Amino acid sequence: MIDTKLLLDDFEGTARRLARKGVDPELVRQARDLAEARRHQVQGVDAARRERNEVSARIGSLMREKRAEEAEQARTQAAELGARLEEREAELRATESALEDVVMRLPNLPADDVPDGVSDADNVVRATFGYDPARYAGRDWQPHWEIGERLDILDAARAAKLSGAMFAVVQGAGARLLRGLTSMALDIHRDAYLEVIPPHVVRTEVITRTGHLTKFDTQAYRLRDDELWLIPTGEVALMGMHQGEILAEADLPRRYMAYTVCWRREAGAAGKETRGLQRLHEFHKVELVKLCRPEDSEAEFQSLVADAARPLELLGLPYRIVELCSGDLTFSASRVYDLEVYSPGVDRWLEVSSVSLVTDFQSRRGQIRFRREGGALDYVHALNGSGLATPRVWAAVVEHGLQPDGSVVLPEALVPYAGISTIGAGRA
RNA sequence: GGAGGGAUGGCAGAGCGGCCGAAUGCGAAGCUCUUGAAAAGCUUUGGGAUGCAAGUCCCCGUGGGUUCAAAUCCCACUCCCUCCGCCA
């Protein structure tokens, strides 16, 4: 949620910045008008309430002085004032809920230096590491689902039997590979991030206030008999932990990581680009989250990008850093860098981490604040990114490790974690 | 799942339906005193809305209700504690 003060104080500038994200200025104007109306109505309600309170207070003192008749008169007057007050309150409530409806549809403001653009075609590749096209020429590369089925570490048919499309059964050496990846990622970050094992189901309030559930979002799975939701990412649980809290400035930055299962409905997403482990309803991920002071958030963002890239470095996977253009930014982000791993089997760059700077957008909604040394309260800035998203990294490791003899050699860094160095050579 | 008890300011803990945004204690900050410190004394010490400001309004777990007036009464919900049941 953006600060509604921005709408009143700098309507033009705010509308302009939101327009870079593709927001219709008319919507911004609507929000501004409602915010203004609310401001006036608040004043009216407060004045009406004051009148009523004054008469009420007089009734109190009249009663104490046993001036029953006058008290009775005042009571009639207060009742009238009360009735009028209620009308105004109802009006204000209507305005406030209309305002909230509109403001909730406004995304976070993009950072000023985010490149202009309307779609992913306008995203900018900032850097590419370890990618040598020559390496992929003149050799047969297979998609991970073919390798996986052949080596019996991936079973799409049984996954479909159990749960339907876009679910996976990973087994044997494949399961060890997955487990090893997550262990490795957690180990890499354990000095800088506090490891958390949170609940995987959260209240409606938590998922709503982290911005992952709006009326327009059908991404999350909901439990039928309880007011609970399966988390679509560990970020929901990690961010939710501090909802409504006031942190000490000395406690910032907070850096958390969590290995969780993530569930996403991905409504209507089935298709050719979802084969194998490219996109799943359920997957495993190590998530990194930071809360920090506003003045530190750009630096924390840069280091978060570096942190997210470290597993890819260690695994020796070619990857690139893509900065999302204004129009492709996610709803709550002001800046996003995607990390994409090259997948030789499908000849595509697959997003394996999306590092977002969400500034105060979530913390305003979730009321996560901190007290500065001087005593002033301020909203924390929040950042998040995948520390390692297993399915796609799993896929990249399998595809890159493919040997001419059909076996898969694991990256050296992973061997201690997976407990094996090769899949399919002799034993699966 | 069943039976009870509870939820108030950073913490502890009072609070006859009106004079309670809230006693008191602790903690914290400032000042006085002091060479310095301790002790002592004085002062300050929640959040939000609105306003240039003075001020006004709202918030005592959450949401409703009763009333001229609710921290105080009623209802629902949530969470915490104790006991019983069940259970990895």
Side-chain angles (χ1 to χ4, degrees), chain A residues 1-11 31-100 102-103 197-210 213 222-229 237 240-252 261 360 363-380:
Chain A
M1 191 169 76
I2 64 169
D3 187 353
T4 51
K5 278 206 187 81
L6 285 173
L7 297 167
L8 296 167
D9 296 346
D10 181 19
F11 168 68
R32 194 266 316 264
D33 291 348
L34 285 165
E36 240 158 35
R38 190 198 79 95
R39 181 177 277 189
H40 288 127
Q41 289 172 9
V42 162
Q43 289 171 34
V45 165
D46 281 0
R49 193 134 46 194
R50 176 188 185 179
E51 249 188 294
R52 202 269 329 262
N53 287 351
E54 280 168 358
V55 176
S56 283
R58 205 163 68 235
I59 294 172
S61 48
L62 288 171
M63 303 271 283
R64 253 171 276 127
E65 294 165 26
K66 306 263 195 284
R67 292 153 72 178
E69 212 161 297
E70 289 165 80
E72 198 47 49
Q73 261 177 23
R75 186 171 299 185
T76 316
Q77 191 193 354
E80 279 167 27
L81 290 172
R84 228 175 303 157
L85 172 62
E86 262 177 65
E87 284 171 32
R88 289 182 166 225
E89 281 175 336
E91 219 175 275
L92 174 61
R93 270 198 303 274
T95 303
E96 283 186 328
S97 86
L99 174 63
E100 179 168 321
V102 175
V103 170
I197 301 179
H200 288 59
V201 290
V202 298
R203 301 166 180 280
T204 301
E205 196 193 351
V206 170
I207 192 168
T208 303
R209 294 216 285 177
T210 48
L213 186 69
R222 177 186 204 159
L223 272 56
R224 197 193 61 189
D225 293 328
D226 298 279
E227 264 303 304
L228 294 169
W229 301 74
M241 291 202 301
H242 289 299
Q243 272 183 15
E245 293 185 7
I246 296 174
L247 304 168
E249 183 169 11
D251 286 344
L252 298 178
V261 183
D360 59 358
S363 55
R364 174 167 292 106
R365 187 91 192 273
Q367 290 293 301
I368 306 176
R369 293 173 291 177
F370 73 102
R371 194 178 298 282
R372 290 184 181 278
E373 297 305 339
L377 283 180
D378 209 346
Y379 290 103
V380 303

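Bear in mind that the values here come from a model prediction, so they are computed numbers and not experimental data.
Comparing the P positions of B/rA53 and B/rU66 gives an interatomic distance of 37 Å, to the nearest angstrom. Distance noted for atom C1' between B/rA38 and B/rU32: 15 Å (whole Å). B/rU72 and B/rA23 have their C1' atoms separated by 15 Å, given to the nearest Å. Comparing B/rC16 with B/rC73, their C1' atoms are spaced 13 Å from each other, to the whole Å. With both ends at atom C1', the span from B/rA12 to B/rA22 equals 16 Å, rounded to whole Å. Rounded to a whole angstrom, the distance from the C1' atom of B/rG15 to that of B/rA7 is 15 Å. Here the separation of B/rG46 from B/rA71, taken at their C1' atoms, is 16 Å to the nearest Å. Taking the C1' atom of each, B/rA70 and B/rG85 are spaced 39 Å apart, rounded to whole Å.
Base pairing analysis places B/rG27 opposite B/rU45; the two distances defining the Watson-Crick or G-U wobble pair are each below 3.5 Å. Look at B/rG21: it lacks any Watson-Crick or wobble partner with both distances under 3.5 angstrom. Look at B/rU78: its Watson-Crick or wobble partner, with both distances under 3.5 angstrom, is B/rA7. With a cut-off of 3.5 Å on both Watson-Crick or G-U wobble distances, the partner of B/rU66 is given as none. A 3.5 Å limit on both hydrogen-bonding distances identifies no Watson-Crick or G-U partner for B/rA53. Pair assignment for B/rA39 gives none, since no Watson-Crick or G-U wobble pairing has each distance under 3.5 Å.
Atom-to-atom, CD of A/Q243 to C1' of B/rU62 comes out at 14 Å; the value is rounded to the nearest Å. In this structure, the CD atom of A/E249 is 18 Å from the P atom of B/rG10, given to the nearest Å. Counting to the nearest Å, the P atom of B/rA49 and the CD atom of A/E36 are 17 Å from each other. Put simply, CD on A/E54 is 15 Å from P on B/rG55, counting in whole angstrom units. B/rA70 atom C1' lies 14 Å from atom CD1 of A/I59, rounded to whole Å. For the pair A/H40 NE2 and B/rU56 P, the computed distance is 21 Å after rounding to whole Å. Straight-line distance from the CZ atom of A/R75 to the P atom of B/rG18: 14 Å, rounded to whole Å. Distance A/L85 CG to B/rU56 P: 17 Å, rounded to the nearest Å.
Checking A/A47 against A/R369, the closest nucleotide of RNA chain B that is more toward the 5' end is the one next to A/R369. RNA chain B is contacted by both A/A78 and A/L377; A/L377 maps to the nucleotide lying nearer its 5′ end (nearest heavy atom per residue).
Within the 4.0 Å cut-off from OP1 or OP2 of B/rA49, not a single side-chain nitrogen or oxygen of A/R38 is found. Between A/R371 and B/rG47, a side-chain N or O to OP1/OP2 separation shorter than 4.0 Å is present. When the side-chain nitrogen and oxygen atoms of A/N53 are compared with OP1 and OP2 of B/rU56, none of them lie within a distance under 4.0 Å. Under 4.0 angstrom from either OP1 or OP2 of B/rG51 there lies at least one side-chain N or O belonging to A/R39.
Nearest nucleotide to the A/R203 side chain, out of B/rG48, B/rC79, B/rG18: B/rC79. Across B/rG18, B/rC58, B/rG47, the shortest atom-to-atom separation from the side chain of A/R49 is found for B/rC58. Residue A/R50 places its side chain closer to B/rC57 than to any other of B/rC57, B/rG48, B/rU50. The A/D46 side chain lies nearest to B/rA49 when the options are B/rG51, B/rG48, B/rA49.
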Would you mind writing out the side-chain donor-acceptor pairs for residues 84-92 of chain A within the sub-3.5 Å range, not counting sequence neighbours?
residue : atom : partner : partner atom : Å
A/R88   : NH1  : A/G44   : O            : 3.1
A/E89   : OE2  : A/R49   : NH1          : 2.6

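Residue A/R52 is classed as a sugar-phosphate contact, given heavy-atom separations below 4.0 Å to backbone atoms only. Using a 4.0 Å heavy-atom criterion, one finds that A/I246 contacts no nucleic acid atom at all. Residue A/V55 is classed as having no contact, given no heavy-atom separation below 4.0 Å to the nucleic acid.
Between the CG atom in A/L228 and the NE2 atom in A/H200 there is a gap of 14.0 Å [rounded to 0.5 Å].
No more than 12 heavy atoms of other residues, nucleotides or ligands shown are found within 6.0 angstrom of CD1 on A/I197. Residue A/E36 places its CD atom among more than 12 non-hydrogen atoms of other residues, nucleotides or ligands, all under 6.0 Å distant.
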Verdict with supporting geometry, A/H40 and A/Q43, side chain to side chain donor-acceptor pair (under 3.5 Å): CA-CA 5 Å; A/H40 288 127; A/Q43 289 171 34; 5.8 Å; no
Pair A/L247, A/R369 - check side chain to side chain contact (heavy atoms under 4.5 Å, CB included), show working. CA-CA 6 Å; A/L247 304 168; A/R369 293 173 291 177; over 6 Å; no
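Using a 4.0 Å cut-off between charged side-chain N and carboxylate O, A/K5 and A/D9 make no salt bridge.
Within the 4.5 Å cutoff, no side-chain heavy atoms of A/Q77 are placed close to those of A/Q73.
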